[in-house]
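The structure presented is a predicted model; accordingly, all values stated were derived computationally and were not measured. Order of listing sets the numbers, starting from 1, for every ligand and every atom in it.
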Amino acid sequence: MSYDIKDISLAKKGKERIVWAEHDMPVLSLIREQFADTKPFKGKKIGLCLHVTAETANLARTLKDGGAEVALCASNPLSTQDDVAASLVKDFGINVYAIKGENNDTYYKHIESVLKYKPNITLDDGADLISVIHKKYKNLIKNIKASMEETTTGVIRLRSMEASGELKLPIIAVNDADTKHLFDNRYGTGQSTLDGIIRATDMLIAGKNFVVFGYGWCGKGLAMRARGMGANVIVTEINHIKALEAVMEGFRVMKGIEAAKIGDFFCTVTGNINVIDKEHFEAMKDGAVVSNSGHFDVEINIKQLRKMAKSVKAAKDFVEEFVMKDGRRIYLLAEGRLVNLASAHGHPASVMDMSFSVQALSAEFAILSNNMPPKVYNVPKEIDEKIASLKLKSMGAEIDTLTEEQVKYLKSWQEGT
Ligand code: ADE
């Protein structure tokens, strides 16, 4: 075994957390039992570039029990749970290359460590693994059957590679499965982002103006949960339909620059660059708290904020205080990286149960497929249906089935008014 982690002696705590998460991952546990029987990945190597969390640990175990040799690196320099990384190495025989707070050089060195295994399947969260393979290690492409992509940002990058003719591998867009984005992006991001903001700041949300930049699935979840905690939620958007949806949900919708003047908390979930920029910082009130829950740390123009500040200091863990030339203070959380994973523990296990079940079954589908030319594929509908039905069952909810008469009615067109 080989690894590069913070401290192997943290394994005991990590194992407790992995087992705790497992309790809330019944669908993935079932898949793990099945994989232990059928060994779909026997003799195969799987390279993972995912947030190294207790939930990811359970996915890595599932793939290993399915017969794979597994190597894992972080998909973000600040999201690694060092105790989990230690337990994965010590207790579960997974090769891990991830240290919370690693710099960019180490981050990419760790990606290369995973690529040294010459994986047959890869699982990415943000497409960094696939991007490095296409830029530097094209020779590995012939070994790789397919890659799974976990997140919206990654799928967007991969679709743009496909559109420009540069994609040389089949990709399964795990993010786009209904049992992924409708739950993980919405309920997962909603809860874990507030968790991250609250753990970092210890501040009250009730009665505050909470500005959500972007009303995609993540933004919807965040706006919903911030309202649930008593905030006055303001949404900014660039898309008319999404903005309309936010208005009809009862949120105030306005331009970012107007929101900047009145917000107490700001959080970006757009997937785009410099969404909070110079003009917004200039307009913000003293004490504004700024964070990001989108995949990359590009949504807040931090370079600009640094330039505008007369002093910068760490206020507390995961909180940096920027004092502007006019004396106003702006607080940046988690260096503008994913606040839900940097200062909290990411999405709860119950929702990752579905996302990672999609990953596991999509990887099995890919390894068993014979003909997948390079392009971005949707997750097969049957996988989505199976996961939804198992999840419902695990939650004790039953649903009805159509009667024969109803099936016939839905197929006919003659009957009307
Ligand atoms: N992305 C968001 N939350 C996560 C978690 N708990 N584990 C892995 N990836 C995540």
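- Heavy-atom proximity to Thr53, at under 4.0 Å, picks out these atoms of ligand 1: 5 (C), 6 (N), 7 (N), 8 (C).
- Counted by atom type alone, Tyr331 and Glu321 present one or more donor-acceptor pairs between their side chains at under 3.5 Å.
- The proximity of Leu50 to ligand 1, defined as any non-hydrogen pair under 4.0 Å, does not occur for either the backbone or the side chain.
- Ring-centre distance between Phe41 and Phe35: below the 6.0 Å cut-off.
- Residues Ser350 and Asp24 have side chains that never bring a donor and an acceptor to within less than 3.5 angstrom of each other.
- Counting only N and O atoms by type, the side chains of Lys180 and Asn185 include a donor and acceptor under 3.5 Å apart.
- The single protein non-hydrogen atom nearest to atom 10 (C) of ligand 1 is Met352 CE, 3.6 Å, given as residue, atom name and distance.
- Close approach of ligand 1 to Thr56 (heavy-atom distance below 4.0 Å) involves ligand atoms 7 (N), 8 (C).
- Evaluated by nearest non-hydrogen atom to atom 6 (N) of ligand 1, the leading choice among Glu55, Glu150, Gln81 is Glu55.
- When only non-hydrogen protein atoms are considered, atom 1 (N) of ligand 1 lies nearest to His51 CD2, 3.7 Å.
- Open room surrounds CZ on Arg252; 12 or fewer heavy atoms of other groups in view lie less than 6.0 Å from it.
- Surrounding CD of Gln191 are at most 12 heavy atoms belonging to other residues, nucleotides or ligands under 6.0 Å away.
- Protein heavy atom nearest atom 3 (N) of ligand 1, with residue, atom name and distance: His347 N, 2.8 Å.
- Close contacts of ligand 1 with His345, meaning ligand atoms under 4.0 Å from a residue heavy atom, involve 6 (N).
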